[in-house]
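Only a predicted model underlies this, so the values are computations on that prediction, with no experimental measurement involved. When a ligand or atom number is given, it counts from 1 through the structure's own listing order.
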Amino acid sequence: MEKMIINGGRPLRGEVTVSGAKNAVLALLSATVLAKDTCRIDNLPNISDVSIMLHILHQLGADVKRVGRHAVEINTRYFNSGVVPHELTKHFRASYYLLGALFGRFGHARVAMPGGCDFGVRPIDQHIRGFELLGASVSFEENAVIALKSEQPSGAPVYLDMASVGATINIMLAAVRARGVTIIENAAKEPHVVDLANFLNSMGADVRGAGTDVVKIHGVRELHGCDYATIPDQIEAGTYMAAAAATGGEVLIRNVIPKHMESITAKLLECGVTVEEFDDSILVAAPHRLQRCKIKTQPHPGFPTDMQPQFGALLATAEGTSIISEGIYDNRFRYMEQLVRMGGDIKVDGKVAVIEGVDHLKGAPVKAYDLRAGAAMVIAGLMAQGTTEIEDIEYIDRGYEDIVGKLAELGAEIRLMPVVDAIRDVKVAN
Ligand code: EPU
């Protein structure tokens, strides 16, 4: 067990390279189940969610070969179509992509309910309805296992009640080898949905319209292996943009798709930050004090909920009153109480947070409640005067490759410390 220790107050300066997208690669890894052939995935982020997903695939019979730190070759020819137990799925939400992928390959699937960050109730009714429309009979078995079964999965029109990323991806996985045509209406348009469509098409699928409201899938009989590079992580890039801005720094962020960053860039510009876009990089340069702004999180291309906590931290010291409305989840403001411990002046009422910008934050012991809340604590620690100790940092490792190394390269005073040493240090200081 480790804590992250940050001595704040230093502007970030230099260059940082973004890794492959977590939420894309988890869908891609699941999709490898659909072909009895080898898929090679490059730009693989070295994060714990990926390690766990590779472990799950290996446990289920896939031949998984890591190639260096950032690539993997996977062959699922001898994949096991039995139950995927809770022991394997409990770690993160994307494990439910195995439902769509197994159903797509075998016509049946038995997968335990997924884990994932706790932002309130996170139903999967849209996934289930989609599977039913494709011909699955769905039952809920002991040990939280969801079972899908069909003689012959068949394409169908599927209208989603909300543009759910997970449901869009799961239905795509289930439909690519089904007989006939599937049309997903009100589909999610996130960059990772498009990345999955591109990956499936390089495996021989026929998926069109990804990135728009309507995704059309003509089922094909077989898929084959492919070589593919994951897109860069929009949220990791946004997190470094926010960190550079929050510390009054100047950072060139490499390996980004600027188009994916538009909603984040727009808000930084509103706060008085200079953002310059190049082909595959973005330069962020910030004044000493940022200006207030208003944010409402929405499905893509709106401002992403996964960037809300990082902006919560950044706005804690912006001049004036900022307002954040959370439009996706019921309960994603838990981290705000940690910012208040650090001197923030913030009131939360349901899904709205009102932030009165204070002069500065002060270092404090805080917790990473979940992945992005953890990223917010890192940014708050970088901004704050004094030392911040962040506990429960395993959440941060789920989605950020070597965040300590990358920030240290940018001039941050940041390090990891075993929890026991951290306690001893505090005793000595007393
Ligand atoms: N929803 C339903 N029913 C459903 C599906 C979703 O009511 O069947 C609701 C959810 O409760 C939520 C909203 O619809 O209020 C959106 O959920 P969505 O399905 O789009 O989210 P997800 O697929 O569970 C993915 C990302 C999340 C990200 C959201 C929104 C992955 C593995 N996870 O979750 O990423 O917040 O989309 O963009 O792709 C993160 O990376 O930190 C993270 C939490």
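- Considering backbone and side-chain atoms alike, S164 places an N or O below 3.5 Å from some N or O of ligand 1.
- Between A167 and ligand 1, not a single N/O pair is under 3.5 Å apart.
- One option in P299, A27, G130, P123 has a heavy atom closer to atom 6 (C) of ligand 1 than any other, and that option is P123.
- Per-residue contacts place R93 under 4.0 angstrom from the following atoms of ligand 1 (heavy atoms of the residue considered): 24 (O).
- Between K22 and D233, none of the side-chain N atoms (NZ, or NE/NH1/NH2) sits under 4.0 Å from a carboxylate O, so this pair counts as no salt bridge.
- Contact between Y395 and ligand 1 is absent, with no heavy atom of the residue lying under 4.0 Å from the ligand.
- Heavy atoms of L26 stay at 4.0 angstrom or farther from ligand 1.
- For the residues D125, V165, I124, the heavy atom positioned nearest atom 20 (O) of ligand 1 is part of V165.
- Contact annotation for R398 and ligand 1: no heavy atom of the residue comes within less than 4.0 Å of the ligand.
- Within ligand 1, counting atoms from 1 as listed, the ones closer than 4.0 Å to a heavy atom of I328 are 12 (C), 13 (C), 15 (O), 16 (C).
- For V352 against F333, the heavy-atom pair with the smallest separation is N-CE1, 3.7 Å.
- Q234 does not count as a contact of ligand 1, since none of its heavy atoms falls under 4.0 Å from the ligand.
- In this structure, H300 has no heavy atom closer than 4.0 Å to ligand 1.
- A side-chain N or O of N75 and one of T38 form a donor-acceptor pair less than 3.5 Å apart.
- Here Q126 has heavy atoms under 4.0 Å from ligand 1 in both its backbone and its side chain.
- Listed by number with element, the atoms of ligand 1 under 4.0 angstrom from any heavy atom of T305 are 30 (C), 36 (O).
- Those atoms of ligand 1 that come under 4.0 Å of a heavy atom in L371, given as number and element, are 42 (O).
- A salt bridge links D345 with K347: the distance from a Lys NZ or Arg NE/NH1/NH2 to an Asp or Glu carboxylate oxygen falls below 4.0 Å.
- Between the side chains of E394 and S48, no donor-acceptor pair is found at a separation under 3.5 Å.
- Side-chain atoms of T89 and Y96 form no donor-acceptor pair, as typed in the model, at a separation below 3.5 Å.
- Each of the following atoms of ligand 1 lies closer than 4.0 Å to a heavy atom of Y96: 22 (P), 23 (O), 24 (O).
- Defined by atom type and a distance below 3.5 Å, a donor-acceptor pair is present between the side-chain atoms of H127 and N170.
- Residue contacts with ligand 1, taken as heavy atom pairs separated by less than 4.0 Å, do not involve I235 at all.
- Under 3.5 Å, the side chains of Y335 and D370 contain no donor-acceptor pair of N or O atoms.
- Residues R105 and T76 bring a donor and an acceptor atom of their side chains to less than 3.5 Å of each other.
- Taking every heavy atom of G166 and a limit of under 4.0 angstrom, the matching atoms of ligand 1 come to 19 (O), 23 (O).
- Atoms of ligand 1 found under 4.0 Å from any heavy atom of K22 (numbered from 1 in listed order, with element): 40 (C), 41 (O).
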Practice task
Could you go through the side-chain hydrogen bond (donor to acceptor under 3.5 Å, both in side chains) check for E270 and Q291 one step at a time?
Solution key: CA-CA 7 Å; E270 235 177 284; Q291 298 299 313; over 6 Å; no
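- Atoms of ligand 1 lying under 4.0 Å from at least one heavy atom of M162, given by number and element, are 1 (N), 2 (C), 3 (N), 7 (O), 14 (O).
- Using a distance-only test at 3.5 Å, with no hydrogens or angles considered, no donor-acceptor pair links the side chain of D37 to the main chain of H224.
- Taking CE of M307 as the start and CE of M261 as the end, the distance is 6.5 Å to the nearest 0.5 Å.
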